[in-house]
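To start, the structure under review is shown below, and the notes come after it.
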Amino acid sequence: MAIAVHFAAVSSVVVVLAVVVTSLSGSKLDPFELRTALPWLLLAGVGLCATLGQILMTSAFRYGPPDRLAPVGLSQSAFALLYDLVFWNHPLD
């Protein structure tokens, strides 16, 4: 559980730094898009899925050999690339 908390803390710091850098570079975040319920529901869904996935992956290391489980966590980049190609038609660049 401590690993999941550590990852959550590190990701929170990275997001805050990204917001600060974005605001300092002249790009403005549009707060009016957050007045509807849909962005909040989507953010909550992503957060819930990420938290559940992290807890399950962390607990899997208790029961399985780490050398076989580690590549599963690394495969998320390949899945993200595949989703970009298939669902959103984003080109590789």
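Quick caveat: nothing in here was measured; it's all calculated off a predicted structure. The figures that follow rest on heavy atoms only: side chains count, while hydrogens, waters and symmetry mates do not.
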Residues that F87 engages under ring-ring contact (aromatic ring centres under 6.0 Å, His included), provided they are two or more places apart: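 Result, ring-ring contact (aromatic ring centres under 6.0 Å, His included) vs F87: Y83.
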To the nearest 0.5 angstrom, please state how far the [atom1] atom of [X] sits from the [atom2] atom of [Y].
X	Y	atom1	atom2	answer
L42	T36	CG	OG1	9.0 Å
Q54	C49	CD	SG	13.5 Å
S12	L17	OG	CG	11.0 Å
Q76	L74	CD	CG	7.5 Å

Under a 4.5 Å cut-off applied to non-hydrogen side-chain atoms, are L92 and D84 in contact?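 L92 vs D84: side chains apart.
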The criterion is side chain to side chain contact (heavy atoms under 4.5 Å, CB included); which residues satisfy it with P66, sequence neighbours excluded?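 So P66 forms a side chain to side chain contact (heavy atoms under 4.5 Å, CB included) with F61.
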Is there a continuous path of hydrophobic side-chain contacts, each under 4.5 Å between heavy atoms, that joins W88 to F79?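 Same cluster.
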